[in-house]
Amino acid sequence: MLTGKSIIVGVTGGIAAFKSAQLVSSLYSAGAAVHVVMTRSAQEFVTPLTFSTLSGQPAHTDLFAPPPDGSVQHINLATMADLVVVAPATANILGKVACGIADDLLSTIIMAAACPVLFCPAMNVNMYENKVVQRNISTLKELGYHFIEPGTGRLACGAEGRGRLAEIELIYEGIENLLWEKDMRGVTVLVTAGPTAESLDPVRYLTNRSSGKMGYALARAAARRGANVILVSGPTALKPPAGVEYVPVETAGQMYDAVTGRFQAADVVIKAAAVADYRPKQAAGLKIKKTPQSLTVELEKNLDILAELGRRKGRQVLVGFAAETHDLEQYAKDKVKEKNLDLLVANDVTLPGAGFNTDTNIVTLVYPGGGTIPLPQMDKEALAHRILDRVMEIRKEQR
Ligand code: CTP
């Protein structure tokens, strides 16, 4: 997806400068034309040769270096760029841009750029929390600059806290998000994902095989397309996608509260979560000890969150999922009506390449009027975009 894109990677003087080598390499491998611009301090940490080799073209370091064709270097670079990413971004570059200072190649490019600019701060925790730095970050955000927040952990200076350069994967994802066509800007999408877990005693719970991959793919795809995304997720091993509001929950009851509490704010709700239909009637306060006898656990019904949303539905586009093992189409057609849905994504979880814990899915889209669209096997990311395309069509028809 980065083929044909021109990306300027600004590297400023922090110990995390070495990590940008990985970012440059990933962007180059994905087909982008990568132009690295290093500040003087950055060159104290990594040599331009590293970046020239990884990007396949000379790293730029000097505002006054005569370009071979006699053109104005910083204006040329700023004009050709689809995106500028500054990783790592020091307190100094944030301060300079926030105050309108342009005194070297990178700061003049940022000043001249009309494309999105993404800052990835990395510095000592006290520097990061310094009120001046925080004020500069707020100013830059208000002005429309983008940020990938630093992570927390052990910093190079030995201190613990916020200030580590965000994971390169997250920065890469942030870049992809900014470059995607923004056809969902202004749309609030609430996605549920993963399983729910219902407590049996302090050490045991009832859950299901959902990995959360489909829901996370939907959240990521919607964020890329510019939507405001709220991801309500049961326990999974996945990292929340960049730029989404993440609401972790455990039980179906917690998911019910999280979803119904946010329903009014949502324009689209996609319920990809595999919600437990039942929970133990009583969760034991202490660990249940084994006895020679068999154990009977009484289960009671959880509320059906999707059915409740169907009853409350106003302007929202409501999308459900159905995991079936037999008579897929008939069950799906019944569910789409019973739950008052605009679209149901039905999959036969017994097919190879479909359902839980796979990277691909095979689904049939089912509409309330009885229409169906069977889709071929595709990866969950591609399927997420197909579902969002249909959602946008439904929104258009409703207006
Ligand atoms: N769902 C929900 N709340 C529940 C159970 C399910 O919101 N308590 C939602 C799921 O997120 C999914 C859809 O309902 O979008 C379908 O779930 P599924 O388990 O396939 O269907 P059920 O309606 O629960 O029916 P059954 O288990 O009998 O197939």
Side-chain angles (χ1 to χ4, degrees), residues 189-199 205-219 222 229-236 247-263 266 268-281 299-313 316-351 354-358 361-368 372 380 383-384 387-388 390-391 394:
V189 180
L190 195 165
V191 180
T192 70
T196 58
E198 306 291 337
S199 187
Y205 56 84
L206 298 183
T207 188
N208 58 61
R209 296 183 197 279
S210 170
S211 62
K213 285 179 181 170
M214 191 65 238
Y216 278 58
L218 280 158
V229 181
I230 306 165
L231 173 61
V232 177
S233 173
T236 74
V247 185
V249 296
E250 211 168 285
T251 65
Q254 290 167 358
M255 188 173 278
Y256 181 94
D257 292 341
V259 171
T260 52
R262 290 167 175 82
F263 188 52
V268 176
V269 179
I270 309 182
K271 286 234 61 223
V275 186
D277 288 323
Y278 296 92
R279 64 177 177 275
K281 190 162 185 190
L299 301 177
E300 66 183 1
K301 199 94 201 274
N302 277 328
L303 290 170
D304 189 318
I305 307 167
L306 188 56
E308 178 57 30
L309 299 183
R311 282 188 283 276
R312 296 187 190 189
K313 192 169 79 165
Q316 293 89 349
V317 173
L318 196 53
V319 182
F321 272 71
E324 307 289 354
T325 55
H326 55 287
D327 301 325
L328 175 86
E329 209 162 307
Q330 194 47 53
Y331 281 127
K333 284 181 175 168
D334 293 345
K335 269 183 202 171
V336 81
K337 286 205 191 103
E338 277 161 22
K339 299 197 186 190
N340 192 22
L341 308 180
D342 299 290
L343 182 66
L344 185 97
V345 183
N347 61 348
D348 179 342
V349 288
T350 62
L351 294 177
F356 294 138
N357 224 343
T358 55
N361 217 344
I362 308 168
V363 308
T364 301
L365 303 180
V366 181
Y367 288 86
T372 57
K380 287 183 174 173
L383 175 58
I387 295 168
L388 294 175
R390 297 283 94 77
V391 164
I394 295 169

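Residues: numbered from 1 along the sequence shown. Atoms within a ligand are numbered from 1 in the order they appear, just like the ligands themselves. All heavy atoms count here, side chains included; hydrogens, waters and symmetry mates do not. The structure displayed is predicted, hence computed values, not measured ones.
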By number and element, which atoms of ligand 1 are closer than 4.0 Å to a non-hydrogen atom of G320? 15 (O)
Non-hydrogen atom of L344 closer than 4.0 Å to ligand 1: no
Once rounded to the nearest 0.5 Å, what's the spacing between atom CZ of F263 and atom CD1 of I305? 12.0 Å
Students should be able to answer this: which protein heavy-atom is nearest to atom 16 (C) of ligand 1, and at what distance? F321 O, 2.7 Å
Exercise check, heavy-atom protein proximity under 4.0 Å to atom 14 (O) of ligand 1: yes
Is it the side chain, the backbone, both or neither of T192 that has a heavy atom closer than 4.0 Å to ligand 1? neither
Looking at atom 3 (N) of ligand 1, what's its closest protein heavy atom, distance included? I305 N, 3.0 Å
Taking N or O atoms only and a 3.5 Å limit, does V275 qualify as a polar contact for ligand 1? no
Could you work out, with salt bridge (Lys or Arg N to Asp or Glu O under 4.0 Å) as the rule, every residue matching R209, not counting sequence neighbours? none
Approximate separation, where rounding is to 0.5 Å, of E250 CD and T196 OG1: 9.5 Å
Heavy-atom distance under 4.5 Å between the side chains of F321 and L218, does that happen here? yes
Which of the numbered atoms in ligand 1 are below 4.0 angstrom from a heavy atom of A322? 20 (O)
What protein heavy atom is closest to atom 26 (P) of ligand 1, reported as residue, atom name and distance in Å? K335 NZ, 3.9 Å
Please compare D277, N208, V269 and report which has the shortest non-hydrogen distance to atom 27 (O) of ligand 1. D277
Rounded to the nearest 0.5 Å, the OG1 atom of T364 sits from the CG atom of L328 at a distance of 5.5 Å
The reported gap from CG in N302 to CE in M255 (rounded to nearest 0.5 angstrom) is 11.0 Å
Is it the case that the side chains of Y216 and T236 hold a donor-acceptor pair, with the cut-off being a distance below 3.5 Å and no angle test? yes
Inter-residue atom distance I270.CD1 - I387.CD1, 0.5 Å rounding: 7.0 Å
Per-atom contacts of ligand 1 with A323, taking only distances under 4.0 Å to non-hydrogen atoms: 20 (O)
Just jot down the ligand 1 atoms closer than 4.0 angstrom to any heavy atom of A273, in number order. 10 (C), 11 (O)
Just which atoms of ligand 1 are under 4.0 Å from any heavy atom in L303? 3 (N), 4 (C), 8 (N)
Please determine if E308 and K313 form a salt bridge, counting it only when a charged side-chain N lies under 4.0 Å from a carboxylate O. no
Would you indicate which of E324, K271, K339, K301 comes nearest to atom 23 (O) of ligand 1 when only heavy atoms are counted? K339
